[in-house]
Protein chains: 2
Amino acid sequence: MKLKQLPNNLLGVSAINKASQPKHDVFQAISDPTRRSMLKLLADREMSIAEIVEYFPITRTAVNKHLHILSEAGLVRSRKAGRETRYMLIPAPLIQIQNWLSFFEQYWDERLSALRRFVEEDND
Amino acid sequence: MKLKQLPNNLLGVSAINKASQPKHDVFQAISDPTRRSMLKLLADREMSIAEIVEYFPITRTAVNKHLHILSEAGLVRSRKAGRETRYMLIPAPLIQIQNWLSFFEQYWDERLSALRRFVEEDND
DNA sequence: TTAATATGTAAGCGATTCCTTAACAAGGAG
DNA sequence: CTCCTTGTTAAGGAATCGCTTACATATTAA
């Protein structure tokens, strides 16, 4: 991954930096349907583990581990609030997926990409 | 522990009915970096297994299995040509990823889209 | 303080993943 | 024909995954 001398604190998110290699990356994190559902859940509002558990047929421990994996991927951040730990969505790392996908956009529809190239040439 | 009887599609958890589905979906297929590289390889042209093997430090058998997984996810199609089996990219299923990502776009703010302009490409 | 609530972690279990070697089938070149 | 290449499958090993129960810790309520 090449980065153009990006001001480090543009987002306050250092999870994008690959220098530190967490065991779980974003692609792995979203490969599990339960974790994908959790991300959608947390999109609305931050939630405690006890709240999240209500939405899934698994134990609190399992939910905890899923959140830990999401956290390693930088997709979630935790915050202690009394005896609760509340989790919130951090969508930033999803850009890695988006970016990877963008490579293939030109192959989705040959005619469409031909049109796009034509328009872009027109803009230049 | 009580479970809220949640409507099946509220969270997009319809992936729970696994009984009839192929074993590997698109999210799982692209969770492996080797498979992501293979897809990029095949974007240029169709290739035989023997050709693909040259690009990875794994055996023919391992490459074969990766391609089988990609095929189950619909991302690749095979074609017999003499004693070779040539594989070509089918990018269409990647739309499923794109669709899932689009849900989160509303949560990307200004600074995030600024970041996207700085990020160039993953070295997958 | 005592009890109830909320979370974290260790240990373990069965399934899956990624890879290997070995064996086998079949097309193409000599 | 024989030899070489190409692909597939079987069997298995090491590691990881997803989940559980059991236990430990920390905060709040009564």
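We name chains A, B, ... by the order of the sequence lines, and we start the count at 1 in each one.
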**Complete:** dist Phe104(A):CZ -> Leu39(B):CG (nearest 0.5 Å) comes out at 5.0 Å
**Request:** Let me know the distance between CZ of Phe27(B) and C1' of dT16(C), rounded to the nearest Å.
**Result:** 20 Å
**Prompt:** Which nucleotide, dA11(C), dT17(C), dT6(D), lies nearest any side-chain atom of His24(B)?
**Reply:** dT17(C)
**Prompt:** Toward the 5' end of DNA chain C, which comes first, Gln28(A) or Ile49(A), by nearest nucleotide?
**Reply:** Ile49(A)
**Message:** Please classify the nucleic acid contact of Tyr87(A) as base, sugar-phosphate, or nothing, using heavy-atom distances under 4.0 Å.
**Reply:** sugar-phosphate
**Asked** Between atom CZ in Arg60(A) and atom P in dA22(D), what is the gap in whole Å?
**Response** 13 Å
**Asked** Say you draw a straight line from CG of Leu89(B) to CD of Glu46(B); how long is it, rounded to the nearest 0.5 Å?
**Response** 11.5 Å
**Request:** Take His68(B) and Arg83(A), find for each the nucleotide of DNA chain D with the closest heavy atom, and name the residue whose nucleotide sits nearer the 5' end.
**Result:** His68(B)
**Among dT9(D), dC19(D), dG18(D), the nucleotide that comes nearest once only the side chain of Asp32(A) is considered** = dG18(D)
**Item:** Out of dG7(D), dA6(C), dG8(C), whichever nucleotide has its closest atom nearest the side chain of Glu84(A)
**Value:** dA6(C)
**Request:** Report which part of the nucleic acid Arg35(B) touches: base, sugar-phosphate, or nothing (heavy-atom distance under 4.0 Å, all strands).
**Result:** sugar-phosphate
**Request:** Could you check how far NZ of Lys65(A) sits from P of dT9(C), rounded to whole Å?
**Result:** 11 Å
**Request:** Round to the nearest Å and state the distance from Leu67(A) atom CG to dC17(D) atom C1'.
**Result:** 16 Å
**Request:** Could you state the atom-to-atom distance from NZ of Lys80(B) to C1' of dG27(C) in whole Å?
**Result:** 10 Å
**Spacing of Leu67(A) atom CG and Leu75(A) atom CG [to the nearest 0.5 Å]** = 11.0 Å
**Asked** At under 4.0 Å, does any side-chain N or O of Thr59(A) touch on OP1 or OP2 of dC19(D)?
**Response** no
**Per Thr61(A) side chain, nearest of listed nucleotides dT9(C), dC17(D), dG8(C)** = dT9(C)
**Complete:** Whole-Å distance, Glu46(A) CD to dT7(C) P, equals 12 Å
**Request:** Would you tell me if any nitrogen or oxygen in the side chain of Ser48(B) comes within less than 4.0 Å of OP1 or OP2 on dT6(D)?
**Result:** no
**Request:** Round to a whole Å and report the spacing from CG of Asn64(A) to P of dA11(C).
**Result:** 17 Å
**Request:** Could you tell me the separation between the CD1 atom of Ile58(B) and the P atom of dG7(D), rounded to a whole number of Å?
**Result:** 14 Å
**Asked** Among dA11(D), dG28(C), dC18(C), which is the nearest nucleotide to the side chain of His66(B)?
**Response** dC18(C)
**Message:** Nearest 0.5 Å, please: how far is CH2 in Trp100(A) from CG in Leu94(B)?
**Reply:** 5.0 Å
**Request:** Report whether Met38(A) and Tyr107(B) are members of the same hydrophobic cluster (ILVMFWY, side-chain heavy atoms less than 4.5 Å apart, transitive linking).
**Result:** yes
**Request:** Check every atom of dG18(D), dT8(D), dT6(D) against the side chain of Ala50(B) and return the nucleotide holding the closest atom.
**Result:** dT6(D)
